[in-house]
Amino acid sequence: MTDGKASSTAGASNGVVEKGDEEEGDDDLQDGGVLFYVNRGGLPINEPTWERMWRHVARIHPRGDEVVKKIRGATNLPKVPIPSVPTFQPSTLVPERLEAIQRYIRELQYNHTGTQFFEIKKNRPLTGLMDIAKEMIREALPIKCLEAVILGIYLTNPIQGVERFPISFKTQFSGNVFRHIVLGVHWGGRFGTLGISRREDLMDKPLIFRTLWDLILEFEKAYCHYWHILKKVKLGQYMSHDPHSVEQIEWKHTVLDLEKLSREDLKKELERHARDMRLNIGKGQSSPTKDRKKDVGSPQRGQYSPHRRNSRGERRPSGEKKTAEPKDISDVSNYQIRV
């Protein structure tokens, strides 16, 4: 793996995200800490991307070439069932609808190939991202966490009263950084999430959490179970239910640096963000160029070039760091637990 500006540019053009590409819009282009490829050529997958995917599988799979030859040489692979998109009666309760949507996301399965099949550009308007969601449904291919968020937005658009917002996590294990994203949901005074992950406890959460603080603590406990230290949490704003909206998703309205925040200050910031989201309902979404990005220490596929979003930092003095103690990792220092 190389680094530096020139090599990063070359890597990005080939669809692989190098370490030097870990910028604002590329936070999620890691597969459990392992950088992965993105299919930028659309579907059906072109020959160079297809062969590159199998070479990558051979590199990252424990059995390498053996498993690649076994799969590619098989003549009687079983037919993979295509999941049915959930449909609802007007009387179907909201929690039941969300459970059905999560089941559908799970049935698509997690993509372990090391190549993301659908290119997600975070700066695209909602209408463009919803077109990608439709394509995911049509192709019924395995997906990664960012794709699951886009799909979750599309499937929950018709459910009025359910507010959706992105939640991103940055963790550290054995010196390496890991990133993950889920779709936060709020309804009936309770928070929950939709999403996909290798780990059962790092994807969907039921609508039972009274506060964002309770929800984030639940994820922190799950990460601690895998010896991961939660470093940052990024929360976006509620988004439009209009699938034809040209608004952009506000991915990082609030950025919480857990190393700079005491537990009390973290709780206050999460309460502040929840209040901001409530106030934003009915006002129309704010422009992404007017982010209230707070690195707080404070109390498809479309062929478009990504744009750097301007942000205006609001920093306040950080509190004392009080993070959950991870388990002893002395016996796993050379092993990366991918989440």
Side-chain angles (χ1 to χ4, degrees), residues 27-28 83-88 92-111 116-122 124-169 179-188 190-209 212 215-216 218-219 233-245 247-253 277 285 300-301:
D27 284 352
D28 309 287
S84 298
V85 180
T87 57
F88 309 109
T92 306
L93 299 176
V94 167
E96 294 175 1
R97 296 185 186 208
L98 294 179
E99 288 172 8
I101 289 170
Q102 181 60 43
R103 280 197 301 273
Y104 175 75
I105 291 173
R106 283 172 177 261
E107 287 170 0
L108 288 176
Q109 300 186 25
Y110 188 85
N111 179 0
Q116 181 175 299
F117 296 132
F118 303 94
E119 184 179 10
I120 309 295
K121 293 184 178 179
K122 289 183 174 181
R124 293 194 69 185
L126 265 172
T127 181
L129 294 175
M130 295 305 93
D131 287 341
I132 296 175
K134 294 175 187 176
E135 188 176 23
M136 290 184 210
I137 292 171
R138 184 168 60 250
E139 300 294 341
L141 293 170
I143 57 177
K144 292 185 178 292
C145 58
L146 182 56
E147 293 162 303
V149 167
I150 301 304
L151 188 57
I153 294 169
Y154 176 78
L155 293 173
T156 54
N157 273 338
I159 312 178
Q160 295 301 317
V162 173
E163 303 298 341
R164 299 80 41 82
F165 61 101
I167 307 174
S168 302
F169 302 96
R179 291 179 171 87
H180 182 46
I181 188 169
V182 295
L183 181 66
V185 292
H186 182 261
W187 178 82
R190 296 291 187 273
F191 289 95
T193 61
L194 299 173
I196 200 165
S197 169
R198 285 185 180 81
R199 309 293 178 175
E200 287 286 324
D201 47 0
L202 289 174
M203 38 199 287
D204 60 302
K205 301 290 181 183
L207 277 170
I208 61 173
F209 300 92
L212 266 181
L215 178 61
I216 298 304
E218 184 71 14
F219 275 96
V233 178
K234 302 175 184 178
L235 303 113
Q237 277 280 19
Y238 289 159
M239 59 195 72
S240 172
H241 282 261
D242 179 6
H244 306 294
S245 172
E247 297 168 357
Q248 292 176 321
I249 295 173
E250 192 171 359
W251 298 94
K252 294 175 287 189
H253 182 78
M277 290 195 297
Q285 302 298 317
Q300 182 80 287
R301 241 174 67 177

- Look only at the side chain of R179 and the backbone of F169, and say whether a donor-acceptor pair between them is shorter than 3.5 Å. no
Exercise for the section: Applying side chain to side chain contact (heavy atoms under 4.5 Å, CB included), run through L235 and L212 and close with a yes or a no. Expected result: CA-CA 10 Å; L235 303 113; L212 266 181; 4.1 Å; yes
Here the pair of heavy atoms bringing M239 nearest to P166 is CE-CD, 3.6 Å
Exercise for review: Give a yes or no on whether a salt bridge exists between R106 and E200, defined as a side-chain N under 4.0 angstrom from a carboxylate O.
Suggested key: yes
Handout entry: Pairwise side-chain contact, R199 with D201, heavy-atom cut-off 4.5 Å (strictly under)
Key = yes
Discussion item. Is there a side chain to side chain contact (heavy atoms under 4.5 Å, CB included) between M130 and I150? Walk through the geometry before answering.
Written reply: CA-CA 7 Å; M130 295 305 93; I150 301 304; 4.1 Å; yes
Open item on the list: Counting C-beta onward and ignoring hydrogens, is there a side-chain heavy-atom pair between E218 and F209 closer than 4.5 Å?
Closed with: yes
Between L155 and I101, the two heavy atoms sitting closest are O-CD1, 3.5 Å
Flag, side chain of E147 to backbone of K144, donor-acceptor distance under 3.5 Å:
yes
Would you say the side-chain atoms of W251 pair up with the backbone N or O of K122, donor to acceptor, closer than 3.5 Å? yes
So Y104 and L151, side chain to side chain contact (heavy atoms under 4.5 Å, CB included) or not? Walk me through it. CA-CA 10 Å; Y104 175 75; L151 188 57; 3.9 Å; yes
Heavy atoms of A140 and P83 approach each other most closely as CB-CD, 4.3 Å
Between Q102 and L194 the two heavy atoms that sit nearest each other are OE1-CA, 3.3 Å
Within the structure provided, determine whether L183 and T193 are in side-chain contact (heavy-atom separation under 4.5 Å). no
inquiry  = Go through it in stages, so that I can follow the logic: the residues are T156 and R164, the test is side chain to side chain donor-acceptor pair (under 3.5 Å), and I'd like the CA-CA distance, side-chain angles, deciding distance and then a yes or no.
reply    = CA-CA 8 Å; T156 54; R164 299 80 41 82; 2.7 Å; yes
- Item | H241 side-chain N/O to V162 backbone N/O, donor-acceptor pair under 3.5 Å | yes
(request) For the pair Q116 (side chain) and F118 (backbone), establish whether a donor and an acceptor sit closer than 3.5 Å, ignoring hydrogens and angles. (result) yes
Between N157 and S240, the two heavy atoms sitting closest are OD1-O, 3.7 Å
query = Any donor and acceptor pair, going by atom type alone, linking the side chain of T127 with main-chain N or O of S245 inside 3.5 Å?
reply = no
Inset, instruction - Just do the side chain to side chain contact (heavy atoms under 4.5 Å, CB included) check on R124 and Q248 with the steps written out, would you? - result: CA-CA 6 Å; R124 293 194 69 185; Q248 292 176 321; over 6 Å; no
Using side-chain heavy atoms (C-beta onward) and a distance below 4.5 Å, is D242 in contact with L126?
no
Q: Flag the pair L129 / Y154 as yes when at least one side-chain heavy-atom distance between them is below 4.5 Å, and no otherwise.
A: no
Ring-plane angle category for H186 and F191, please: parallel below 30°, perpendicular beyond 60°, tilted otherwise.
tilted
Taking every heavy atom of A100 against every heavy atom of F88, the minimum-distance pair comes out as CB-CE2, 3.7 Å
Just so I know, are the side chains of L108 and I137 near enough to count as touching, which here means a heavy-atom distance under 4.5 Å?
no
Distance col, row L207:CG vs L98:CG, nearest 0.5 angstrom, shows 5.5 Å
Main-chain N/O of I143 paired to Q109 side chain as donor or acceptor, under 3.5 Å: no
Would you call Q237 and F165 a side-chain contact if the rule is heavy atoms closer than 4.5 Å?
no
Practice problem: Answer yes or no: is there a side-chain heavy-atom contact under 4.5 Å between V149 and I196? | Solution: no
message: Main chain of L202, side chain of H180: is a donor-acceptor contact present, judged purely on distance under 3.5 Å?
response: yes
